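Everything numeric in this text was worked out from a predicted model, so none of it was measured.
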Amino acid sequence: MFDTLKSRIYQGDQAIPDIEKAVIDEKFRGLPLIDRQSCSNCNECIDVCPTNAINQDISIDMGKCIFCGDCERKCPNNAIKFTNFHKISSTSRESLIIDSNTTQESFESIAVKSTKEIKKLFGKSLKLRQVSAGGCNGCEMELNACSNVNFDMGRFGIDITASPRHADGLIITGPVMENMAKALEDAYLSVPDPKIIILTGTCAISGGVFQKSDVLKRDFLEKYKVDLYIPGCPVHPLTVINGILDFLK
Amino acid sequence: MKWIISKNNQVISLNEIPVLGIDELRNEIIKQYKTDKRVVGFFGCAEYSNVRLYTILADDNKSELLISSVRFMAGEKSYPSITKDISAFQMFEREFYEEFGIEPVGHPWLKPVRYSKNRFDKTQKIENYPFFKMDGEEVHEVAVGPIHAGVIEPGHFRFMCNGEKVYHLEIQLGYQHRGTESLFENNNNFAPHLAESIAGDTVIGHAITYSNAVEALLNIKISDKAELIRVLALELERIAVHIGDLGAISNDIGYLMGNSVFGATRTLVINTLLSICGSRFGRGLIRVGGVAFDIDIELSEKISKTLDKVLKDVDKMTETMFSSASVLSRLEKTGTLSMEKAKMIGLVGIATRASGLSLDARADHSWGWYKKFSFDKEILESGDVFARTHIRYKEIKQSMNIIKELLNQIQDCKEDILLVKSKNQLLGNSMVVSMVEGWRGEAVHTALTNNEGQIFRYKIKDPSFNNWYGLALAVRNNGISDFPLCNKSFNLSYCGNDL
Ligand code: SF4
C-alpha cells in the first residue's frame, strides 16, 4: 500500500497540460508542404508512393497518404517536406488534398468547420462507440492512448463507451471489409439520433494500403454522412484529440 | 529423399522440393514429430488444375527447416487428417480445407478459419458459423462480439458455462479478413508498407520478416549498421508492447496504479521510436535493402538515457506490484496452460515460454545481429497468467541488455550505408522461409516465385494463428469473469490471424 503510494508520488503529474499547444518531435510526419518551384516533374514521388496518394499535379491526398516519408526521401529537389504539424483533421474530404498553395495557416483555416448545432449537441460531452473494421490495431492502440494518463481525453468530456446505445456516434478504424460490413452497420443503427461518424486513420478514409483488396466493402461509408476525417497511419493521439476539440468548438 | 533441408532465409529451388504421396508425407510428419520437429508451414498453392501442398517443419535444435510437398490432382478431394495424430495441425488443416476444399478426413472440428475471400465454398457466411452446442440443466451460453466493449479488434467468443465456470470457449474469427496475402502476390514494388500493416502491434516484426525474405530472393546483403538498427528496433517494439501489456493486465485486475505507470512508461519507449523514424510504431523504418533512418551518437545517447529511466520505472513498479498479495492472488493459478498442452497444440512465443517450453526464434533460427549474441531464452514454468506477466518483465530486461550492447557497437559501423540499392530481380522458381521472433512470438513468411521472378504465393503465419487455441484451453474451468485477464495475458492479434 505504502509502496503503491510512493510510486504514485514518484510519478507526479503525467498529463500534457495544454493539449492544443503540444508539439510532437520534429521527426514526426504530419502536414506535408509542397514546393512546386523546385519540382522538376520527374514523377519519382508518384512512382514510389504505395497508396497512389500523389496526383499528377503533385498534390498529396492525406486521406490516402500513410505518411511513410518515402516520397520526401526520394525527391531529388526536396520539393516535398513533411512538417511535424499534427492538426491535420478535416470535416471535408476535399480539404485533405494538399497542393503547392497550401500552407499551415491556409489548411487550418479551411480544415475543421464546426457548426453551432454540433457544438450545442456535443460541445460539453461526446461519447463515441469505436468500431474496428479491419484496423490493424495501430489506430486502435492510439485511440486507447488518447485515454491514458498522458493525453487524458476524458478531461475534455470525450469518452469511448462500451455500448453503441450510450454513444453519440461511431469512431471507425480500418478499411471496412465484407466480413465486418454488417456488424458495422448494426452498430451504427444502434446509436440513437442525432449521431455522427468519425473516420480515423488512412485505412478508414480511403482503404490505405488495402485499397486494392477485393474484399473491401465500403458502401456503408457512401450511404451515411461522414462528419470528421482524422488522417494518419496510425493516427497520433494529439491529432485525434485536437481534431475532435476543433470539431466541437 | 523425403525432405529438403533449408534454413531461415535460405533460398531453395521449387524443383528441389520433394513431391511425396500424401500417406508417405503423413507418416513422415508423424515420424519427424517424434524427434521434436514442429510445423511452421502447411499451405496449398494452385498449380493449374492441381493443388500442391507444402509442409515446412522446424528443427529448433539444429536451426533447420525441413520442406516437402504433395500434389493433389484435380479429382483428389480428401486425405486422412494429420490432426488426429498431431493436434498442432488443427488450424493448418482447417485453413487448407477452407481454401482448397480438400478434406482432411477425420479432423475433429473442420470449421472455417477466417471465411477468406478465396474460400472454396462461398455459400459459407460468417453469420452462420457452426458453433458447438452443449446441453444440460445448468448450462448456459454467453456470446460476445464481434464488436467488444473496449477499443479492440473484432472477433466472436462463445462461452459454454456452468454457472460462473467456463467449460469451453469457442473463438470464431475472420471479421478482420482483408485479403492481405494476395496483395503481396504479383506485387514487385518490394515495399514493406503492407507488411507493416499485417498486425499493427508488430510493425517492425513483420516488416523485417518480409524484408529478410525479399532480400534473400534478391540476393542482397544489407550493411552491418542496418542489421543492427533493425534488431534494436525490434527489441524496442518488444519492450514497448510488453510494458503496455503489463499496464493492460494491471487494468484488468483493477490495479490502476500499474495501469497508469506502465502506460506512461510505454509512452517513453514509443516516443523513442518516434525520434528514430517519425512513427511511434516504427513505420517507415524498415525498407528492403536496410533501414531508412540512422541513429547518430546524439540519438544513441538519448535512447540510452531514456531506457535507463524506463528500466528504473519498470523495476520499481513491477517490484511494488509483485509484492502485493492482492495482485498475486489474481494472477497466480489463473488461466493455466500446462507444458504438455502447450506442446500438443503447437503454442509459440512468450505464451509457450511461460509454459516451460524452450522456443525462441531469436536463438533457434537466428538471423542478422542475433547470430553475434550468446542468447539465453527466458523460460518460466507455471503457465498461468502470472507466468505470462512475469515473463514480460524478464524479457523487457533482456531486451534492454541487448539494446545496450547494440548501442555500444553502433559506433564501430557508423560509416556503413543505410540502404543497399540493387537492380537484381527476384530469383525465379524459388522458395524462401523467413522467421522473426516478434514480441508475441515467431512471424513466419514464406514466399514462392514463378519462372519470371514474380511472387505468386505469399504465406503469412502470425504467432496468433497458433495461439488463439491456447487461450481457449487456458480459460477452461476458470470463472468467466477471468476471461479478460486471460485474454490480455495472451494479447493475440485478430488481423494477424484473419489476414
Ligand atoms: S508519404 Fe504519403 S504521399 Fe509520400 S510516398 Fe508515403 S504514402 Fe505516398
Side-chain angles (χ1 to χ4, degrees), chain A residues 1 3-4 6-8 10-11 14 24-25 27-29 48 50-51 66-70 73 82 129-145 148-150 160 162-164 174-175 177-180 182-184 187 203 208-210 212-216 233-234 236, chain B residues 114-117 126-127 146-154 174-180 182-183 189 191 193-194 196-201 203 244 247 257 260-261 263-264 266-267 271 274-281 283-284 287 292-293 313 316-317 319-321 323-324 493-495 498:
Chain A
M1 173 74 195
D3 286 340
T4 307
K6 257 196 261 161
S7 303
R8 173 70 194 86
Y10 167 75
Q11 282 289 322
Q14 294 280 352
I24 310 180
D25 188 292
K27 279 262 177 67
F28 178 75
R29 287 179 292 280
V48 81
T51 54
I66 57 167
F67 301 86
C68 67
D70 286 0
R73 195 167 42 248
F82 279 84
R129 173 62 267 195
Q130 205 274 322
V131 179
S132 166
C136 69
N137 203 17
C139 287
E140 289 77 1
M141 283 194 290
E142 289 298 46
L143 284 178
N144 277 317
N148 74 13
V149 287
N150 303 114
I160 308 282
S163 164
M177 317 77 33
E178 278 169 17
N179 291 356
M180 257 314 272
K182 183 169 180 299
L184 172 63
C203 282
V209 289
F210 296 99
K212 293 217 179 85
S213 163
D214 41 15
V215 283
L216 283 192
C233 183
H236 192 285
Chain B
R114 60 175 77 92
Y115 293 87
S116 68
K117 62 156 188 157
I126 199 157
E127 327 44 293
I147 302 175
H148 302 280
V151 182
I152 57 169
E153 298 173 67
Y175 292 97
Q176 290 285 73
H177 178 57
R178 301 160 296 174
T180 310
S182 55
L183 290 170
N189 285 333
H193 310 90
L194 188 60
E196 289 175 341
S197 292
I198 293 170
D201 48 35
V203 168
M257 188 63 210
S260 311
V261 173
R266 166 184 174 266
T267 304
N271 283 350
L274 174 75
S275 59
I276 297 174
C277 67
S279 156
R280 308 215 300 165
F281 298 93
R283 285 177 186 265
R287 288 292 173 259
F293 294 88
D313 289 6
K316 241 191 171 122
M317 193 62 244
E319 258 167 49
T320 313
M321 180 171 162
S323 56
S324 155
S493 170
Y494 298 73
C495 57
D498 295 348

What is the minimum heavy-atom distance between Arg283(B) and Cys136(A), and which atoms define it?
NH2-SG, 3.4 Å

What part of Val209(A) gets within 4.5 angstrom of chain B, counting heavy atoms only: side chain, backbone, both, or neither?
both

Could you please spell out the steps behind the side-chain contact (heavy atoms from CB on, under 4.5 Å) verdict for Arg280(B) and His236(A)?
CA-CA 8 Å; Arg280(B) 308 215 300 165; His236(A) 192 285; 3.9 Å; yes

Could you grab the distance from atom NE2 of His193(B) to atom SG of Cys233(A), nearest 0.5 Å is fine?
9.5 Å

Select one option (side chain, backbone, both, neither) describing which atoms of Ser324(B) are under 4.5 Å from chain A's heavy atoms.
neither

Which bit of Tyr494(B) comes within less than 4.5 Å of chain A, counting heavy atoms only: side chain, backbone, both or neither?
neither

Residue Ser213(A) versus chain B: region with a heavy atom under 4.5 Å:
both

Region of Ile126(B) that comes under 4.5 Å of a non-hydrogen atom in chain A
side chain

Measuring from Arg178(B):CZ to Cys203(A):SG, what's the distance to the nearest 0.5 Å?
7.5 Å

For Cys495(B) and Gly135(A), work out which heavy atoms get closest and say how close.
SG-O, 4.1 Å

Measure Pro234(A) against the heavy atoms of chain B and call it side chain, backbone, both or neither at under 4.5 Å.
both

Shortest non-hydrogen separation from Tyr175(B) to Met177(A) and the atoms involved:
O-CE, 3.5 Å

Identify, with sequence neighbours excluded, every residue that meets side-chain contact (heavy atoms from CB on, under 4.5 Å) alongside Asn137(A).
Glu140(A), Met141(A), Glu153(B), Asp201(B)

Mind ranking Val48(A), Ile160(A), Asp25(A), Ile24(A) by heavy-atom pairs under 4.5 Å with chain B and telling me who comes out on top?
Asp25(A)

Of the listed residues (Pro154(B), Gly179(B), Gly284(B), Pro146(B)), which shares the most heavy-atom pairs with chain A below a 4.5 Å separation?
Pro154(B)

Using the rule given for side-chain contact (heavy atoms from CB on, under 4.5 Å), can you reason through Asp70(A) versus Arg287(B), listing the C-alpha separation, both sets of side-chain angles and the distance that settles it, and then say yes or no?
CA-CA 10 Å; Asp70(A) 286 0; Arg287(B) 288 292 173 259; 3.2 Å; yes

Hey, what do you get for CD1 (Ile147(B)) to CG (Leu184(A)), rounding to the nearest 0.5 Å?
7.0 Å

Non-hydrogen atoms of chain B under 4.5 Å away: do they reach the side chain of Leu216(A), the backbone, both or neither?
neither

What one should report as the nearest heavy-atom pair of Asn148(A) and Gly263(B) is ND2-O, 4.4 Å

Which atoms of Cys139(A) are under 4.5 Å from chain B, going by heavy atoms: the side chain, the backbone, both sets, or neither?
neither

Locate the shortest heavy-atom distance separating Ala264(B) from Val149(A); write the atom from each residue and the value.
CB-CG2, 3.8 Å

Backbone N or O of Gly150(B) within a donor-acceptor pair of the Gln130(A) side chain at under 3.5 Å?
no

Pair count under 4.5 Å, heavy atoms only, with chain A: among Leu274(B), Asp498(B), Thr180(B), highest is Leu274(B)

Is it the case that the side chain of Arg129(A) and the backbone of Ala149(B) share a donor-acceptor pair, with hydrogens and angles ignored and the cut-off at 3.5 Å?
yes

Partners meeting ring pair (Phe, Tyr, Trp, His ring centres under 6.0 Å) with Tyr115(B) (sequence neighbours left out)
none

Bottom line for Arg29(A): the part with an atom under 4.5 Å from chain B's heavy atoms is both

Honestly, the part of Ala145(A) sitting under 4.5 Å from a heavy atom of chain B is side chain

Interatomic distance, CG@Asn179(A) vs OG@Ser116(B), rounded to 0.5 Å, equals 9.0 Å

To the closest 0.5 Å, what do you measure between CD1 (Ile152(B)) and CG (Leu143(A))?
13.0 Å

Identify the two heavy atoms, one from Lys27(A) and one from Ile276(B), that lie closest to each other, and give their separation to 0.1 Å.
NZ-O, 3.4 Å

Going from OG on Ser260(B) to CG on Asn150(A), what distance comes out if it is rounded to the nearest 0.5 angstrom?
10.0 Å

